[in-house]
Amino acid sequence: MSILRRRTIDDVLAEARAGLHRLAPEDAWEAVRRGALLVDIRPAAQRAAEGEVPQAVVIERNVLEWRLDPASAHRIPAATGYDLHVIVLCSEGYTSSLAAAALADLGLHRATDVVGGFRAWSAAGLPTDSASGGALVGAGAHGSSA
């Protein structure tokens with residue numbers, strides 16, 4: 001009889017982060033300036049309350065893998081290959097770590113996230129806008145076209 005090992009969310013988060021080369025907000029900004037794809041996974045309500053990063057592509061968390069997997073029929077045009085440098089942004093840098101690890105599991109080996117999330121990005125004085133209701137990429141279900 002095997003014993004099921006239970007893990008806490010802290011265990012899962014630590015495991016996810018162990019496989020990432022996480023970026024400070026300033027380093028993430030430099031990577032974006034060099035061509036990395038910044039992906040904001042925050043829900044609309046958080047973007048409305050906190051603001052947005054004008055250079056970010058908005059893909060809410062529930063469809064992230066379908067939109068960025070180069071093998072997916074529902075990928076966005078920017079998902080050109082497994083070498084794509086994807087930087088995931090959430091509000092505080094927790095959900096983004098789990099999302100970046102999921103992308104790495106798909107083979108996007110350069111996927112990572114921003115330490116401290118949008119709040120740290122904003123506090124560092126990096127580019128932000130008040131929420132504009134900008135275009136949401138891939139808002140539909142994973143089976144619909146984006």
Side-chain angles (χ1 to χ4, degrees), residues 4-72 74-142 144 146:
L4 180 63
R5 180 184 169 293
R6 293 200 170 109
R7 300 184 312 159
T8 67
I9 187 58
D10 291 332
D11 296 333
V12 172
L13 184 61
E15 183 179 314
R17 287 179 171 170
L20 300 174
H21 176 72
R22 302 182 75 218
L23 299 176
E26 298 83 359
D27 295 331
W29 172 238
E30 284 304 313
V32 168
R33 293 178 71 201
R34 289 189 311 271
L37 180 67
L38 182 64
V39 178
D40 189 341
I41 63 168
R42 294 174 299 149
Q46 276 187 328
R47 292 190 317 274
E50 296 174 345
E52 297 180 347
V53 176
Q55 295 79 2
V57 173
V58 175
I59 304 174
E60 290 191 2
R61 177 65 189 98
N62 64 322
V63 294
L64 183 69
E65 290 86 350
W66 286 271
R67 300 305 181 248
L68 292 178
D69 181 355
S72 172
H74 308 289
R75 69 185 177 277
I76 63 171
T80 57
Y82 293 98
D83 197 42
L84 181 65
H85 190 186
V86 178
I87 303 169
V88 183
L89 182 73
C90 71
S91 184
E92 295 181 332
Y94 294 97
T95 304
S96 59
S97 293
L98 299 175
L103 293 174
D105 284 345
L106 288 175
L108 292 155
H109 63 97
R110 297 176 69 198
T112 190
D113 74 323
V114 178
V115 175
F118 180 85
R119 292 182 183 186
W121 178 282
S122 180
L126 298 172
T128 61
D129 285 337
S130 59
S132 63
L136 178 64
V137 175
H142 71 278
S144 65

| query | With sequence neighbours excluded, what pairs up with R7 under the salt bridge (charged side-chain N to carboxylate O under 4.0 Å, His left out) test? | reply | E15
| remark: Rounding to 0.5 Å, atoms CH2 (W121) and CG (L38) come to a distance of 5.0 Å
| Where do R110 and H85 come nearest, in terms of heavy atoms and distance? | O-CD2, 3.2 Å
| Heavy-atom side-chain contact between W66 and I76 under 4.5 Å | no
| message | Rounded to the nearest 0.5 Å, what separates atom CG in D10 from atom OH in Y94? | response | 9.0 Å
| query | Sub-3.5 Å donor-acceptor pair from the side chain of R61 to the main-chain atoms of P43, do we have one? | reply | no
| A100 and A111: which non-hydrogen atoms are nearest, and at how many Å? | O-CB, 3.7 Å
| field | Side chains of I9 and L98 in contact at under 4.5 Å (non-hydrogen atoms) | value | yes
| task | For R34, check salt bridge (charged side-chain N to carboxylate O under 4.0 Å, His left out) against everything at least two apart and list the hits. | result | none
| Steps toward side-chain contact (heavy atoms from CB on, under 4.5 Å) verdict (L126, V53) | CA-CA 8 Å; L126 298 172; V53 176; over 6 Å; no
| Between the main-chain N or O of R42 and the side-chain N or O of R47, is there a donor-acceptor pair closer than 3.5 Å? | yes
| E50 and side chain to side chain donor-acceptor pair (under 3.5 Å): which partner among S91, S122, S130? | S91
| note | Between the OG1 atom in T128 and the CD atom in E52, the distance rounded to the nearest 0.5 Å is 10.0 Å
| query | So which heavy atom on T95 is nearest to which on C90, and how close? | reply | N-SG, 3.7 Å
| request: With rounding to the nearest 0.5 Å, note down the distance linking CZ in R75 to CG in L68. | output: 11.5 Å
| task | Ignoring hydrogens and angles, tell me if any N or O in the side chain of T112 forms a donor-acceptor pair with the backbone of H21 under 3.5 Å. | result | yes
| H109: partners by side-chain contact (heavy atoms from CB on, under 4.5 Å), with sequence neighbours left out | D83
| task | Can you see which heavy atom on A79 is nearest to which on R67, and at what distance? | result | CB-O, 3.6 Å
| task | Applying side chain to side chain donor-acceptor pair (under 3.5 Å), name anything that partners R22, two or more places apart in sequence or on another chain. | result | S97, D113
| message | I'd like to know if the side chain of D11 reaches the main chain of T8, judged simply by a donor and an acceptor atom lying under 3.5 Å from each other, with no hydrogens or angles considered. | response | yes
| request: Quick one: pull up CG in D69 and CG in L106 and give me the separation to the nearest 0.5 Å. | output: 5.0 Å
| Under the salt bridge (charged side-chain N to carboxylate O under 4.0 Å, His left out) test, which residues partner E92, sequence neighbours left out? | R119
| request: Kindly give the heavy-atom pair with the smallest separation between I41 and A99, and that separation in Å. | output: CD1-CB, 3.9 Å
| query | What is the minimum heavy-atom distance between L89 and G117, and which atoms define it? | reply | CD1-C, 3.5 Å
| query | With sequence neighbours left out, what residues match L84 under side-chain contact (heavy atoms from CB on, under 4.5 Å)? | reply | L37, V86, L108
